There are 2 protein chains.
Amino acid sequence: MTGLSRPTITQRIDQLLELGLIAPVEDAASTGGRPSSQIAFNPRARVVLAADLGALHTRVAVTDLDGVLLAEASSPHDIAEGPEAAIDWILQSAKSLLPDLDYLPEQIAGIGIGVPGPVEFSTGRPINPPIMPGWDRFDIPSAIRTQIDAPVLVDNDVNIMALGELSTSWPDVTDLIFVKVATGIGAGVISGGTLRRGANGAAGDIGHVALARAADTPCPCGNRGCIEAVASGRALARALSTPERQLKRPSEVVALAKSGDVEAIQAIRQAGRDIGEVLTSCVSLMNPSTIVIGGTMAQAAEHLVAGVREVVYARSIPLSTEHLTIAPSRAAANAAILGAAQLAIDTALSPERIAAALSG
Amino acid sequence: MTGLSRPTITQRIDQLLELGLIAPVEDAASTGGRPSSQIAFNPRARVVLAADLGALHTRVAVTDLDGVLLAEASSPHDIAEGPEAAIDWILQSAKSLLPDLDYLPEQIAGIGIGVPGPVEFSTGRPINPPIMPGWDRFDIPSAIRTQIDAPVLVDNDVNIMALGELSTSWPDVTDLIFVKVATGIGAGVISGGTLRRGANGAAGDIGHVALARAADTPCPCGNRGCIEAVASGRALARALSTPERQLKRPSEVVALAKSGDVEAIQAIRQAGRDIGEVLTSCVSLMNPSTIVIGGTMAQAAEHLVAGVREVVYARSIPLSTEHLTIAPSRAAANAAILGAAQLAIDTALSPERIAAALSG
């Protein structure tokens, strides 16, 4: 099947066994034929480090090479304190988590980090991130690699959520759009099984698409009528605030809806319709089989997703929606941290890295 | 660099020489060091057959493995006559073109075909094509392969135009959206260097995205307000028709604009703005570096592209448009036929096909 000769395969298997990346399968069931040695990928040969940096909260985890969570730590942390403090906390967490798992820092095969802002993926530098003062063009991989010798991958939070959602919950899906609806609105685009970042890493940045209904609403981006200005968690909190009841965060909007407040439920449903309007263009362009709605506002998924479905199914061509699934996130609060792990795993197990390990 | 041993490389080069896919370079300039044999890809080792089936016109071409046009034939042909007649014409054309080029049918490495309707790419069958009566689910590859033993690839006309535009005119671009504006409106999406077909092959089908301005205009698709209902060549021809002047085809709209008719120029400019509105969502989602406007209406590119630019640059986030090029098609009338050739070449030179040829 591989087109490789028997001696070549034997040699490579021996090398992979030596690296520990594969191991003999002990309980292989006999198939009745002549006994053959069975081997399998060994996901515990190494670990990866995953970090999810939010605006006010940081989470660090260690997973195996299958992306299974082995240990984690989290802590309130203001991203505005700048990169040194955050990176220091990531490194300290790694040092405190690894010993209990019986792994050494040298066994870290890769590090994946998600940040709440745009990133130049090829260099791992945030680019003009609006809520990350002090981080603009900061070289995150170099800072990490002064302490840990492993590949460091950095991407924005929505992209890693899309990766985490795909790898944990939709193993057979190749075309998926993950929409994060939280304080803002953004998307991660999986096409042909791979996350698409576009020419400048800005793919998925759908928060400022114009909505006819919102034409008069100003947006902090400088334009008017952006979807984020009317359908984001921040916009809903503002719209639902009264002199007696000041809402500040998306989670407060969700809580209000869960308490049965009709106005909040109607507003979330309408936000779903508005987001659905933008998504019809996305469905027409990319023909995904799956749209996943995640982020804080997806905790009110029954109302939000209903609004999205209402518009997308009404407005898209039948060929695009015949087999289209629109669902709330399954990975939910774990999407980001598991996606950061997956980012590291994909690089650690890439043919290039394996070839380098074999020849070294 | 390849990680392969010297004997393996020597053996494979000998096999490729035998197949004729590579050849010694005769005029290799000496670098002053010890003489080494230089070899290069031989694009004339084989040919591919390309066919562009339009609604009323069919074109067949023979190209080399670099996609250079060697010979072609074209003829008026009504696609509604059904598949047997069209395929017969393709096969007859091939038989008459090859002898003059000194190639045998056995030297055809692949066949690429574009059709004016949706196609299930994996099987090469048109699926519910609106303007191709008799073609629904017809197995085009099998019909061709009764006569020519080579891989047959079939795709819709917009996808092959995107491939042709990319391969001939934008060699360094990896993220490109090709928009065909003719009787209808459709797009081909290149992301990460590869054409993206989506989950059902419907990617790029943007003709029925809703436009607020057009909310009251009915579209043959059953919805209202589709972009195609107000900004396509067909819609413009209808809008510019008067009792004295009946326009039927996009080319008549272009001719009217070229004659200096202010109403036609204004209408094309507004169509560009409308298409630009849909494209802002596409830019936000996929972050292409290049948008190409092709199809008949792009013959009035100065007005059409101006309208697209006006809206896309005004409405998109700066990171997405900083390096965004919006340009009329360079491959123009050759985009489709050269894209059909490229589709065949990509498959003929795929690692799988080469490996099969080497082992056979």
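Keep in mind that what you see is a predicted model, and the values were worked out from it rather than measured. The sequence lines fix the lettering, A, B, ..., with proteins before strands; numbering per chain opens at 1.
Looking at A:Arg137 and A:Glu120, no side-chain N of the basic residue comes within less than 4.0 Å of a carboxylate O on the acidic one, giving no salt bridge. With respect to the salt-bridge test (charged N to carboxylate O, under 4.0 angstrom), the residues A:Arg224 and A:Asp216 do not qualify. Salt bridge A:Lys180/A:Asp157: present, at least one basic N to carboxylate O contact under 4.0 Å. With salt bridges taken as basic N to acidic carboxylate O contacts below 4.0 Å, none links A:Glu277 and A:Arg213.
Interface remark: B:Val278 contributes no atoms to any contact with chain A (heavy atom separation under 4.5 Å). There is no contact between B:Ala215 and chain A, counting heavy-atom distances below 4.5 Å. Interface residue B:Ile317: only side-chain heavy atoms are found under 4.5 Å from chain A. Only the side chain of A:Ile177 has a heavy atom closer than 4.5 Å to any heavy atom of chain B. Contact of B:Ile227 with chain A is not made at all, since no heavy-atom distance falls under 4.5 Å. For chain A, the nearby part of B:His323 is the side chain; its heavy atoms alone come within less than 4.5 Å. Using a 4.5 Å cut-off between heavy atoms, B:Pro318 makes no contact with chain A at all.
When each of A:Val209, A:Asn223, A:Leu176 is checked for heavy-atom pairs under 4.5 Å with chain B, A:Asn223 comes out on top. Here B:Ser191 is the residue among B:Pro118, B:Ser191, B:Ala212 with the most heavy-atom pairs under 4.5 Å with chain A. Between chain A and the options B:Ser320, B:Ala210, B:Cys221, the largest number of non-hydrogen pairs under 4.5 Å is found for B:Ala210.
Between the CZ atom in A:Phe178 and the CD atom in A:Glu165 there is a gap of 5.5 Å [rounded to 0.5 Å]. Within the model, atoms CG of A:Asp172 and CG of A:Leu166 stand 10.0 Å from one another, a figure rounded to the nearest 0.5 Å. Here CE of B:Met297 is found 10.0 Å from OG1 of B:Thr183. Values are rounded to the nearest 0.5 Å.
Using a distance-only test at 3.5 Å, with no hydrogens or angles considered, a donor-acceptor pair links the side chain of B:Asp136 to the main chain of B:Asn128. Under the 3.5 Å distance criterion, the side-chain polar atoms of A:Thr217 are left unmatched by any main-chain donor or acceptor of A:Gly225. Put simply, the side chain of B:Arg125 never gets that close to the backbone of B:Phe138: no donor and acceptor are under 3.5 Å apart. Between the side chain of B:Arg309 and the backbone N or O of B:Gly276 there is no donor-acceptor pair closer than 3.5 Å.
Under the 3.5 Å distance criterion, with hydrogens and angles disregarded, no donor-acceptor pair is assigned to the side chains of A:Gln15 and A:Arg12.
Among the residues in residues 193-203 of chain B, those with a non-hydrogen atom closer than 4.5 angstrom to a non-hydrogen atom of chain A are B:Arg196, B:Arg197, B:Gly198, B:Ala199, B:Asn200, B:Gly201, B:Ala202, B:Ala203. Chain B is approached within less than 4.5 Å, heavy atom to heavy atom, by A:Ser281, A:Cys282, A:Ser284, A:Leu285, A:Met286, A:Asn287, A:Pro288, A:Ser289 from residues 279-294 of chain A, ordered by number.
The environment of A:Glu18 atom CD is sparse: at most 12 non-hydrogen atoms of other residues, nucleotides or ligands sit within 6.0 angstrom.
By the 4.5 Å heavy-atom criterion applied to side chains, B:Ile326 and B:Tyr313 are counted as neighbours.
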